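First comes the structure, then the notes that go with it.
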Protein chains: 2
Amino acid sequence: MANIIEVAKRAGVSPTTVSRVLNNSSHSVNSETRERVLEAVKTLNFVPNPLAKGLLGVETHLIGVIVGDASDPYYANIVKGISETAQNEGYLTIICNTDRIPEIELRFLNALLHYAADGIVFASGGLNLPEHQDQVQEIVNSFKKRHVPVVALGNRNLNVPQVSIDDVQAAQVSIDDVQAAQDMTEYLIGLGHRRIGFILGPSTMITSQRRLEGYQQALEKNQIAFDPSLVFNGDFTFESGLQAASHFVDRQPPVTAVFASNDREAMGCLFGLKQKGIAVPEQMSIAGFDDIEMLQYVNPPLTTVCVPMHEIGVRGIMQILKAKNSKDVIVENIRLPHSLVIRESTQPPPNQGGQ
Amino acid sequence: MANIIEVAKRAGVSPTTVSRVLNNSSHSVNSETRERVLEAVKTLNFVPNPLAKGLLGVETHLIGVIVGDASDPYYANIVKGISETAQNEGYLTIICNTDRIPEIELRFLNALLHYAADGIVFASGGLNLPEHQDQVQEIVNSFKKRHVPVVALGNRNLNVPQVSIDDVQAAQVSIDDVQAAQDMTEYLIGLGHRRIGFILGPSTMITSQRRLEGYQQALEKNQIAFDPSLVFNGDFTFESGLQAASHFVDRQPPVTAVFASNDREAMGCLFGLKQKGIAVPEQMSIAGFDDIEMLQYVNPPLTTVCVPMHEIGVRGIMQILKAKNSKDVIVENIRLPHSLVIRESTQPPPNQGGQ
DNA sequence: ATGAAAGCGCTAACAT
DNA sequence: ATGTTAGCGCTTTCAT
């Protein structure tokens, strides 16, 4: 691999000149010289070593994306929005899959810090682990000191108000989870449901709590007593939805609808119910959350909350770019609109009036 | 961020000593000194700069994974196998999503080259573009020169025999696509189908051609004439499957089964058929390829070829690790076994005997 | 308009 | 057992 010195020699100039040509430096360089340099670059197939650049604190045009599980369609969509947009702007995004393991997240963050990433996107919802959070906070601080923009997608606990003036803040892009969960719950209540099961997300995630909150608020608003036995502790997986189905079936008084915190849980519940011979939506309604693509293709197509995942990714990366350009620390909180997607998995309860 | 010099000062030693302690160098260092260094490292929260290390050609414990579309469940599963295994071995994998754009792939490859990745995994099937292939080949050569192991998953055209002694070779891990496609086609033929539609994958991918080959061989073996009008040019997307459905419906003589090159096409076809009121499998059978998880949950559950995606990822990364340890260039071709998963989307044609 | 030299953080070769 | 020095490839002063 050629280095800048070889290029310089071949062009009969100094490395400095090569550097100037390649970085469109403000220093003017003779157009003839420039030609020779460019030619040498081409023939030697020279690509500047970003490692060396990074060591000097120069832009790397690399953006790190931290994600818990990139194979989860939810994140996959967000990540797609991120990479597409970044690419259009000339940035390369490297996806760091933490498998939701705090230690791995930290390792990646450290790597990105040292590799002089030009920006960091937390695509995963935050892990709600105080000690870990502190460590992340610290690294984010380091980024901040280097003026590397950080943005958190979904509801990540990065910009909790702190006392210190060194307060770490990150721009956020998310939907209003509480409101969205409330909307869906109210829709179900409006349909006539009174006994509505809720499948919770993993307790370590902030989003889970928010969605539960919305569910509770809707009940309260409609004077329906909150029954803790109707909340099943899921973990955003298909399997937990399957288990939830067992939990909700044959309850007395009967549960007539289930609201899952994400679509995979909803799908699991749907299949669990089917296995038990419960007709959806005739005997029980099911609603999900996120609106991943495949929901349309199951039978019946699932009602869900549409989260603009792709858009979240796009706006996230735009925040990074904006921050880079303005050279300011931007701490903007963007709330994107959500909507209900009513499909065939929800209808009024079997015997109108409930109970 | 602390650097090695600060640590050295604080411990009252030279940077070299710090380096030796941190890298478990064979150089012996006084256990007392070691303690002091370790303490300084801890208090200063020192993490060695991998950029600087990389510049010196030292191991980075970073492995680059090149993938066309990480949100595709097929790749997602492979990538998962890769990251899990790599993590257990102390390696960090960075996912480079090319969106199947050759230029992006090249950019990533260059970045990885310079960032001194310790290994490269091509998780995508190869792009069959000669000029691009040459450029990739060249970069792979550079990796080889640096003794950075490269492995290609699926059927990537990286180790085409070449004349030069500098012959670029990469280990491969894949299934036998030709045989697998042949197996499925023969299964359909065995069921009594004679007019079997085939949905092709994108023409730029080698895997597509292989699977078509298998389909053709099965026909030939069973003395069924190959009818080009029964091959629909898909591109591995749901939409192309949808279009294929329109293509195959109402043909004379009727098509009684469709074999899609991947599961998403199969799903698209299934839904297209449903929309047109064609019963699956009663009027038409459908078979897919890959065995992505969601196939089980559609109605009817789809028959498909099971590709051990996770295992492919695991074995791929193991090749990398093996090559690193043996310090040899390993060019092993691993063929993993496939199998047919018979579900409910296939059955004998409506009027036995066909035609 | 161009170049020489210093230095980013680290490690390996070479002292001591 | 420990330290000194040089240098990885690049950019950035500071000359010329």
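Just the heavy atoms: all of them, side chains too, but no hydrogens, waters or symmetry mates, feed the values below. These numbers come from a predicted model, not from an experiment. Every chain is numbered from 1 and lettered A, B, ... according to where its sequence line falls, protein lines coming before strand lines.
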Heavy atoms from C-beta onward define the side chain here; which of [options] lies closest to that of [X]?
X	options	answer
Leu55(A)	dT11(C), dG3(C), dG9(C)	dG9(C)
His27(B)	dG9(C), dT12(D), dC14(C)	dC14(C)
Pro15(B)	dG3(C), dT11(C), dC10(D)	dT11(C)
Val58(A)	dT2(D), dC10(D), dT11(D)	dT11(D)
Val13(B)	dG3(D), dT2(D), dG9(D)	dG3(D)

Could you tell me the separation between the [atom1] atom of [X] and the [atom2] atom of [N], rounded to a whole number of Å?
X	N	atom1	atom2	result
Asn3(B)	dC8(C)	CG	P	8 Å
Lys9(B)	dT2(D)	NZ	P	20 Å
Lys53(B)	dA12(C)	NZ	P	9 Å
Arg20(B)	dT11(C)	CZ	P	11 Å
Glu59(B)	dC8(D)	CD	P	21 Å
Leu56(B)	dG7(D)	CG	P	13 Å
Leu51(B)	dG7(D)	CG	P	21 Å
Leu113(B)	dC8(D)	CG	P	17 Å

Review point. Is there a donor N/O on one and an acceptor N/O on the other, under 3.5 Å, for the side chain of Ser19(B) and the base of dA12(C)?
Key: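 Under the 3.5 Å cut-off, the side chain and the base do not form any donor-acceptor pair.
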**Study point:** Earlier contact from the 5' end, DNA chain D, for Phe46(A) and Thr33(B)
**Key:**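 On the 5' side of the pair lies Thr33(B).
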Review point. Within the structure, does a side-chain N or O atom of Asn23(B) lie under 4.0 Å from either OP1 or OP2 of dT11(C)?
Key: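 Answer yes for this pair, as a side-chain N or O of Asn23(B) is under 4.0 Å from OP1 or OP2.
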Check your understanding: Hey, is the side chain of Thr16(A) poking within less than 4.0 Å of OP1 or OP2 on dG3(C), counting only N and O atoms?
Key ->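 No.
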Point to revise | Full working for salt bridge (Lys or Arg N to Asp or Glu O under 4.0 Å) between Asp69(B) and Lys80(A) | key: CA-CA 9 Å; Asp69(B) 177 6; Lys80(A) 222 166 184 181; 3.4 Å; yes
Practice item. Give Ser25(A) one of three labels, base, sugar-phosphate or nothing, depending on what nucleic acid heavy atoms sit under 4.0 Å from its own. Key: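 It contacts nothing in the nucleic acid.
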Do [X] and [Y] have side-chain atoms, one donor and one acceptor, less than 3.5 Å apart?
X	Y	answer
His310(B)	Glu84(B)	yes
Ser14(B)	Thr17(B)	yes
Asn45(B)	Glu138(A)	yes

Review point. With a 4.0 Å cut-off, would you call Glu311(A) and Arg315(A) a salt bridge?
Key: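 Looking at Arg315(A) together with Glu311(A), the answer is yes, because their closest N to O distance falls below 4.0 Å.
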